[in-house]
> 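The structure is given below, and queries will be raised subsequently.
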Amino acid sequence: MDAPRSLWIESTPETSYPALADGLEVDIAVVGGGIAGITAAFLLQREGRSVAVVDSKRILHGATGYTTAKVTAGHSVSYSTLEGNFGREGARTYAEAQQGALELVARLVEELAIDCDFERKANYVYAESPDERATIEEEVEAALRAGLAAELVEETPLPYPVECAFRLPGQAQFHPRKYLLRLAEAVAGDGGRIFEQTRATGIEGSGPCRVVTDRGTLTARDVVVSSHLPFLDRGFFFAKAHPERSYAVACRISREQDPEGMYINLSPPTRSVRTAYDEGGLLLLLGGEGHKPGAEPDTHARYGALEEFGRRHWGASEFPYRWSTQDYSPLDGVPYVGRLTRRGDHVYVATGFKKWGMTNGTAAAMILGDLVLGRDNPWAGLFDSKRLTPRASAPRFVKENATVARHFVGDRLDRGEAAEVETVAPGEGRMLRVRGRKTAVYRDEGGRVHALSPVCTHMGCHVGWNPAERSWDCPCHGSRFGGDGTVIQGPATRDLARRDLGTGSGDGTR
Ligand SMILES: Cc1cc2nc3c(=O)[nH]c(=O)nc-3n(C[C@H](O)[C@H](O)[C@H](O)COP(=O)(O)OP(=O)(O)OC[C@H]3O[C@@H](n4cnc5c(N)ncnc54)[C@H](O)[C@@H]3O)c2cc1C
Ligand code: FES
């Protein structure tokens, strides 16, 4: 099986910012170098503040390094739902935030002359059957009321027929790392600091705040937590934002096959379509196949379904890239952006971009930039991280947290497979019963066995094996761990506990 390779990561140079040196003091610390964090750092540095970004890995290797990177206000079907949850004014504010973010990206691309394949394209959300028509028609009406230049069209340039589509002209696509690496360079070039391989594990105090990391402490008046899902449990964002994992493949197509737009269908299985480039020429990106992390035993099949779609409609035969990642969705349709806990708090968060983080992450950075600087922001009220929307949030809260409870309790009842550790092949992870205890067992390519507790170090759900990524994924709030138990992605900040297999080695491996 091909190992996952993100087009965005493969086609850009790797960064090599240093790890944090203990004792630094700055005006603003940014925890997490994805699109939200890097954009916030750039905007705040440009306002003359001293800024330091810390990232647990290399920057832009989180969701932003594995996205599809459509930059659009056309978020599948959103505006009709937003009107229901927040009224027409709320839907209009959301549209303004998305368009504002898109225009900021366009302006920065021009101002800094960023070579990032930024192209204006129409965005389409299409229906495939007559019973979906009314939903698209309602969405076009709601998007028009929200101030967007929406159109209902009966045909698209796609090579297969559609029932009808919501078309939004003047949207964009780009190469997210080429764009954001340049913003990061501008931060560092202007006296800002970027630290990699530095995991934040806590924040103490408020104004000044002490960001505690595995490399020492960083002091700042304000802290922007842009770690995708906040790694801090206070604020309870883990119960309000829910992860979904999705997949993308890239196939080579000819100029004549260019579908000249960005597309997403209405009903599952999701099929998201856009073009991109690499040294070999034009590529078609196909995305979709979302599911709860840690709950899909055959993640390879998800790539297979997307490749089959490319073969069927574009005759594709060459698939040079495939990748997957996950994103968090809010309960009521609007991301959570603002203070972590209460008015006057100097810790800020941005999460729940619902797979539309190119605009939502940029808008979040614009909102947080204003809040940190004490300025009004016209979108801050709608996105308020502490808002209470019980009517809009309750159904999803109950459903998502019932799933968490099921994994918390149900997965404990499963005692693991009664098989010998010797039966685990190189590169394979299995949940085995070892000396009566359910144990997450992985054998690496060198033959070394890693025996781990399956209990996620965030809040105790049991992880599941993801064969395509070779990782242990937690279905509850999306933490991920390598085969050897090392944290890949939070909210967990600690590795899975090692188990001793009773060989006398004492370190749980052999
Ligand atoms: C398959 C897929 C396709 C998508 N396609 C689109 C699209 O077409 N258009 C669109 O708008 N959006 C899209 N999205 C959504 C978008 O990619 C995300 O919303 C966005 O990238 C999230 O950005 P972020 O900055 O919040 O998080 P990330 O990019 O994940 O950045 C968070 C960073 O924080 C770091 N970090 C985490 N914990 C810590 C810690 N404790 N200490 C220090 N650092 C830490 C991580 O290493 C990471 O670098 C897609 C999402 C998926 C899953
Ligand atoms: S991510 Fe919360 S329990 Fe695993």
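Note that the numbering runs from 1 along the sequence shown for the chain. In each ligand, atom 1 is the first atom listed, and ligand 1 is the first ligand listed.
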> Are any of the N/O atoms on T493, whether in the backbone or the side chain, positioned under 3.5 angstrom from an N/O atom of ligand 1?
no
> If the contact criterion is a heavy-atom separation under 4.0 Å, does A248 count as touching ligand 1?
no
> Can you tell me the protein heavy atom closest to atom 50 (C) of ligand 1 and the distance?
T67 OG1, 3.5 Å
> Determine, step by step, whether H291 and Y247 satisfy the ring pair (Phe, Tyr, Trp, His ring centres under 6.0 Å) criterion, reporting the C-alpha distance in whole Å, the side-chain angles of both residues, the deciding distance to 0.1 Å, and the verdict.
CA-CA 10 Å; H291 63 79; Y247 298 77; 5.5 Å; yes
> Do R339 and Y348 meet the cation-pi criteria used here (NZ or CZ under 6.0 Å from the six-membered ring centre, within 45° of the axis)?
no
> Between D22 and R215, does at least one N-O distance fall below 4.0 Å, as a salt bridge requires?
no
> I'd like to know if E244 pairs up with K355 as an ion pair, taking the criterion as any Lys NZ or Arg NE/NH1/NH2 lying under 4.0 Å from an Asp or Glu carboxylate oxygen.
yes
> What residue and heavy atom of the protein are closest to atom 13 (C) of ligand 1, and at what distance?
K355 O, 2.9 Å
> Among S324, G32, S226, S56, which one has a heavy atom closest to atom 39 (C) of ligand 1?
S56
> Report yes or no: does W8 contribute a side-chain atom to a donor-acceptor pair with the main-chain N or O of T67 at less than 3.5 Å?
yes
> Contact between G33 and ligand 1, counting heavy atoms under 4.0 Å?
yes
> Looking at D55 and R199, does any basic side-chain N land under 4.0 Å from a carboxylate oxygen?
no
> For T198, which part has a heavy atom under 4.0 Å from ligand 1: side chain, backbone, both, or neither?
backbone
> Nearest protein heavy-atom contact for atom 1 (C) of ligand 1: which residue, which atom, what distance?
S246 CB, 3.6 Å
> Is any side-chain heavy atom of Y442 closer than 4.5 Å to a side-chain heavy atom of W465?
yes
> Does an N or O from Y66, backbone or side chain, lie closer than 3.5 Å to an N or O of ligand 1?
no
> Which residue owns the protein heavy atom closest to atom 18 (C) of ligand 1, what's the atom, and how far is it?
D327 OD2, 3.4 Å
> Between C456 and atom 4 (Fe) of ligand 2, is there a contact where an N/O/S atom of the residue lies under 2.8 Å from the metal?
yes
> Considering the heavy atoms of K57, write down every atom of ligand 1 situated less than 4.0 Å from one of them.
47 (O)
> Would you mind listing which atoms of ligand 1 come within a distance below 4.0 Å of any non-hydrogen atom of V31?
42 (N), 43 (C)
> Return a yes/no value for I35: is any of its N or O atoms, backbone included, closer than 3.5 angstrom to an N or O of ligand 1?
yes
> Looking only at protein heavy atoms, which one is nearest to atom 38 (N) of ligand 1, and how far off is it?
S227 CB, 3.5 Å
> Could you say whether the N/O atoms of A200 and ligand 1 ever approach to under 3.5 Å?
yes
> Quick one: nearest non-hydrogen protein atom to atom 49 (O) of ligand 1, plus distance?
D55 OD2, 2.6 Å
> Can you tell me the protein heavy atom closest to atom 11 (O) of ligand 1 and the distance?
M358 N, 2.7 Å
> According to the interplanar angle, ranging from 0 to 90°, do the rings of W356 and H75 count as parallel (below 30°), tilted (30 to 60°) or perpendicular (above 60°)?
parallel
> Could you tell me how the ring of F238 sits relative to the ring of H458: parallel (under 30°), tilted (30 to 60°) or perpendicular (over 60°)?
perpendicular
> Given ring pair (Phe, Tyr, Trp, His ring centres under 6.0 Å), test H242 with Y328 step by step and report yes or no.
CA-CA 5 Å; H242 300 285; Y328 292 86; 8.5 Å; no
> With the threshold set at 4.0 Å, does a side-chain nitrogen-carboxylate oxygen contact exist between R322 and E307?
yes
> Please report the closest heavy-atom contact between D473 and P475, naming both atoms and the distance.
O-CD, 3.6 Å
> Using distance alone, determine whether A36 and ligand 1 share an N or O pair under 3.5 Å.
yes
> Looking at ligand 1, does any of its N/O atoms fall within less than 3.5 Å of an N/O of K70?
yes
> Salt bridge between K57 and E196, side-chain N to carboxylate O under 4.0 Å?
no
> Would you say Y94 and F383 make side-chain contact, with heavy atoms under 4.5 Å?
yes
> Quick one: look at Q326 and ligand 1, take heavy-atom pairs under 4.0 Å, and tell me if it's side chain, backbone, both or neither.
backbone
> Return yes or no for this condition: an N or O of A63 is under 3.5 Å from an N or O of ligand 1.
yes
> Tell me whether atom 4 (Fe) of ligand 2 has C474 as a neighbour, meaning an N, O or S atom of it below 2.8 Å.
yes
> Using a plain distance cutoff, I'd like to know if G37 has any nitrogen or oxygen under 3.5 Å from a nitrogen or oxygen of ligand 1.
no
> Please give me the minimum heavy-atom distance between S206 and D345, naming the atom from each residue.
OG-OD1, 3.4 Å
> If you measure every N/O of G357 against every N/O of ligand 1, is any gap under 3.5 Å?
yes
> One residue to check: T325. Relative to ligand 1, which of side chain, backbone, both or neither has a non-hydrogen atom less than 4.0 Å away?
both
> If we ignore hydrogens and angles and just use 3.5 Å, is the side chain of T64 paired with the main-chain N or O of I35 as donor and acceptor?
yes
> Given the ring of F309, does R271 sit roughly above its face, with NZ or CZ under 6.0 Å from the centre of the six-membered ring and within 45° of the axis?
yes
> Could you find the nearest protein heavy atom to atom 3 (S) of ligand 2 and give me its residue, atom name and distance?
M459 N, 3.3 Å
> Which protein heavy atom lies closest to atom 3 (C) of ligand 1, and at what distance to 0.1 Å?
T68 OG1, 3.1 Å
> Below 3.5 Å, N or O to N or O, backbone or side chain included: is there any such pair between T64 and ligand 1?
yes
> Which part of S479 is near ligand 2, with near meaning a heavy atom under 4.0 Å away: side chain, backbone, both or neither?
both
> Suppose I only count heavy atoms of G62 and a 4.0 Å limit; which atoms of ligand 1 are within that range?
29 (O), 30 (O), 49 (O)
> Answer yes or no for A492: is there a heavy-atom contact with ligand 2 below 4.0 Å?
no
> Tell me whether the NZ or CZ atom of K240 lies within the 45° cone about the ring axis of Y336 and under 6.0 Å from its centre.
yes
